[in-house]
A.B. asks: 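Attaching a single structure in structure tokens format; questions to follow.
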2 protein chains.
Amino acid sequence: MKSRSAPPVKASRRRRKPRRRAVSARPETPSKRNTHRRSVEIIEAAAQVFAERGYHGATTQDIADILHIRQASLYYYVPSKEAALELVCIQGVAGFFETAQAIASGPGKARERLAGLIRAHMVPILDRGNFVRVFLTQRQFLPNRSRRRVGKWSRGLEKIFETVIRDGMRKGEFRGDLDPRLTTLAILGLANGVSSWYGKEDASMERIGSEFVSLVLDGLGRRR
Amino acid sequence: MKSRSAPPVKASRRRRKPRRRAVSARPETPSKRNTHRRSVEIIEAAAQVFAERGYHGATTQDIADILHIRQASLYYYVPSKEAALELVCIQGVAGFFETAQAIASGPGKARERLAGLIRAHMVPILDRGNFVRVFLTQRQFLPNRSRRRVGKWSRGLEKIFETVIRDGMRKGEFRGDLDPRLTTLAILGLANGVSSWYGKEDASMERIGSEFVSLVLDGLGRRR
DNA sequence: TGCCTTGTCTATAGGCTTATAGATGAAATC
DNA sequence: GATTTCATCTATAAGCCTATAGACAAGGCA
């Protein structure tokens, strides 16, 4: 008994009518990089359904439905559902990692770099939200090997934040009594949380980024 | 193909050996409040497996295994897996709600009440972590009706935080340029995030609470 | 003593899922 | 024009999951 939100239309809701021998489902595709393009589409569809229903709640049929192909056809491009999850998770965390590294090791005071990190953290949430949500909430369901692989990226990102915070403490830009580890987790928690409600609130990413930066740097209190 | 972390022992790993007619599985149970006690145990077990594997990744067999009873026996106490999820979610959010309400409408400056809210938010995470995690990450899988019910509690909690923040702004304890809604979401994101890593980090809840309070009230920056 | 209640058990229907095999038409290549 | 490759399809094995039905033992109660 799956908890889809739709009314219970028995079956046959999926299992589309046997199309008459698929008259070239995508007539516009020309080249031979076709296979690659399809793979990308499949991973994007997977990101969408994994984000919406969770890994275990999603079926490969759901993914196929988005692309209007048969469930079995997915296996021409992707070896397994788990493999699709891994690809989605990696693309989810990669978006954060690269820019973050550039910002942290770039110029500027620690305050500015931390502000940059927070703002940059909003970007993947905005334009690869499905991938990010899956990375954040579904990576626990990866098989051990790939979970560890993804975990490394994740810890790397934490280290980037933590390093900037330590740097700021050393240089006297930040309070000296911070716990850099807890502060990192706090900031990431706050920033990652955005992915769970962005779109339901009417605030632009820029607004959110600015608000969060000022909250982290200065807190709620008035200037003293 | 379920992604358990254990090695692939084919089947029969669950499906325990047919015990010889269950010689009173819990000989110590005396009274007739027995049924109630068992219900509680079942919901606790459900919270545990839903937290560990996610609602869709968990099976009713998993729940039964924890209690060493048969899968079908669960249905004597709980009408469906979905109903169990709803019970877990409600207990997950209720822990936050009650104390929060008392603190918000209690005495003290807004700063102090907000600090109290944040510290109090740590308590259910500490002692009903499974319920909280399920509420935070699995309530999306509830059927519409109960999801809305749980959603109300959730929004109520947000309102409590937001009200204190507005109050503090009005009284000049907090900066006047805050967006109360975004600030609320930021604080809840940061506080809820704890549930995803508490236990893996070696910091006490008190430490975490204090660190987060000072971060929210004063930010990372040095006194200016 | 004999009936009723309670909690658990066995068995299973009825569905749904993943992944594999092999067929097929269209396009590309020889 | 014949052959090969590509992308997709149909069909299905094999397995798992929820929920229901009905049996049954032990203890309480009339």
Side-chain angles (χ1 to χ4, degrees), chain A residues 1-4 8-39 41-42 46 49 53 55-65 67-85, chain B residues 1-4 8 10-27 29-39 41-42 46 49 53 55-65 67-85:
Chain A
M1 189 167 295
K2 318 200 54 193
S3 69
R4 296 291 141 85
V9 258
K10 260 294 118 87
S12 84
R13 195 172 50 96
R14 51 193 45 172
R15 204 113 251 141
R16 312 163 345 84
K17 59 185 182 305
R19 253 186 312 176
R20 267 279 103 331
R21 186 61 47 210
V23 190
S24 183
R26 312 182 77 253
E28 76 282 17
T29 56
S31 89
K32 56 179 53 171
R33 281 287 168 286
N34 212 338
T35 293
H36 177 260
R37 195 193 318 268
R38 202 46 146 174
S39 296
E41 288 174 344
I42 286 175
V49 307
R53 314 203 205 266
Y55 175 68
H56 289 298
T59 68
T60 51
Q61 182 69 58
D62 294 330
I63 300 173
D65 284 350
L67 301 170
H68 305 295
I69 60 176
R70 300 294 167 156
Q71 178 263 344
S73 304
L74 297 173
Y75 288 82
Y76 181 76
Y77 299 94
V78 175
S80 70
K81 192 186 171 192
E82 269 180 357
L85 178 62
Chain B
M1 189 166 293
K2 319 200 50 193
S3 71
R4 296 291 141 83
K10 259 294 117 82
S12 85
R13 195 171 53 94
R14 50 193 44 169
R15 208 108 246 143
R16 317 169 338 89
K17 59 183 180 306
R19 254 187 312 175
R20 247 341 21 13
R21 188 60 45 211
V23 189
S24 182
R26 313 183 76 253
T29 54
S31 90
K32 55 179 55 170
R33 283 287 168 284
N34 211 341
T35 293
H36 176 258
R37 196 194 317 269
R38 202 47 146 176
S39 296
E41 289 174 343
I42 286 174
V49 308
R53 315 201 205 265
Y55 175 70
H56 290 297
T59 68
T60 52
Q61 181 68 58
D62 294 331
I63 300 173
D65 284 350
L67 302 169
H68 305 294
I69 60 175
R70 299 293 167 155
Q71 177 263 344
S73 304
L74 297 173
Y75 288 82
Y76 181 75
Y77 300 94
V78 175
S80 69
K81 192 187 173 193
E82 269 180 356
L85 178 61

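Every value quoted in this text rests on a predicted model; they were computed, and no experiment measured them. Order of the sequence lines sets the chain letters (A, B, ...), proteins ahead of strands, with each chain counted from 1.
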A.B. asks: Using OP1 and OP2 only, check whether a side-chain N or O of B:Thr60 sits under 4.0 Å from D:dC17.
C.D. replies: no
A.B. asks: Just how far, in rounded Å, is P of C:dT18 from CG of A:Leu85?
C.D. replies: 13 Å
A.B. asks: If every non-hydrogen atom of A:Val78 is compared with every non-hydrogen atom of A:Ala83, which pair is closest and at what distance?
C.D. replies: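 Looks like CG1-CB, 4.3 Å.
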A.B. asks: Heavy atoms from C-beta onward define the side chain here; which of D:dA11, C:dT18, C:dT10 lies closest to that of A:Ala72?
C.D. replies: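 Out of D:dA11, C:dT18, C:dT10, the nucleotide with an atom closest to A:Ala72's side chain is D:dA11.
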A.B. asks: Can any side-chain N or O of A:Tyr55 pair as donor or acceptor with the backbone N or O of B:His56 at less than 3.5 Å?
C.D. replies: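 Here the side-chain-to-backbone pair does not exist.
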A.B. asks: Output yes when at least one side-chain N/O atom of B:Tyr76 is less than 4.0 Å from OP1 or OP2 of C:dT8, else no.
C.D. replies: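 Checking B:Tyr76 against C:dT8: no side-chain N or O falls below 4.0 Å of OP1 or OP2.
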A.B. asks: So does A:Tyr77 get a side-chain nitrogen or oxygen closer than 4.0 Å to the phosphate oxygens (OP1/OP2) of D:dT8?
C.D. replies: yes
A.B. asks: Give the rounded distance in Å between these two atoms: CG of B:Leu67 and P of C:dC9.
C.D. replies: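 So the CG-P distance, B:Leu67 to C:dC9, works out to 10 Å.
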A.B. asks: Whole angstroms only, please: what is the CG-C1' distance between B:Leu74 and C:dT10?
C.D. replies: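 Computing the B:Leu74:CG to C:dT10:C1' distance gives 15 Å.
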A.B. asks: Among D:dC17, D:dA21, D:dT10, which nucleotide sits nearest the side chain of B:Thr59?
C.D. replies: D:dC17
A.B. asks: Looking at every non-hydrogen atom in both residues, tell me the closest pair between B:Leu67 and B:Glu41 and how far apart they are.
C.D. replies: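 In this case the closest contact between B:Leu67 and B:Glu41 is CD2-CB, 3.9 Å.
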A.B. asks: Of the listed nucleotides (C:dT20, C:dC9, D:dA19), which one gets closest to any side-chain atom of B:Gln71?
C.D. replies: D:dA19
A.B. asks: Of A:Asp65, A:Thr59, A:Ile63, which meets side-chain contact (heavy atoms from CB on, under 4.5 Å) against A:Val49?
C.D. replies: A:Ile63
A.B. asks: Tell me: CD1 of B:Ile63 to P of D:dC17, nearest whole Å?
C.D. replies: 12 Å
A.B. asks: Show the nearest heavy-atom pair for residues A:Ser39 and A:Tyr77, with the distance to one decimal.
C.D. replies: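 In terms of heavy atoms, the two residues are closest at OG-CD2, 3.6 Å.
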A.B. asks: Look at all strands and tell whether A:Ser73 reaches a base, only sugar-phosphate, or nothing, counting heavy atoms closer than 4.0 Å.
C.D. replies: base
A.B. asks: Please state how far atom CD in A:Glu82 lies from atom C1' in C:dA19, giving the value in whole angstrom units.
C.D. replies: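 Atom CD in A:Glu82 sits about 13 Å away from atom C1' in C:dA19.
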A.B. asks: Would you mind reading off the distance between A:Arg70 atom CZ and C:dA23 atom P, rounded to a whole angstrom?
C.D. replies: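 Taking CZ of A:Arg70 and P of C:dA23, I get 19 Å after rounding.
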A.B. asks: From NZ of A:Lys81 over to C1' of C:dA19, roughly how many Å is that when rounded to an integer?
C.D. replies: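 After rounding, the reported distance stands at 12 Å.
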A.B. asks: Specify the separation, in whole Å, of atom OH of A:Tyr55 and atom C1' of C:dT17.
C.D. replies: 11 Å
A.B. asks: Which nucleotide in the list D:dT18, C:dA19, C:dC9 gets nearest to the side chain of B:Tyr75?
C.D. replies: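 Shortest atom-to-atom distance from the side chain points to D:dT18.
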A.B. asks: Hey, does the side chain of B:Arg38 come within less than 4.0 Å of C:dG7's phosphate (OP1/OP2), counting only N and O?
C.D. replies: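 No, because none of the side-chain N or O atoms of B:Arg38 sits under 4.0 Å from OP1 or OP2 of C:dG7.
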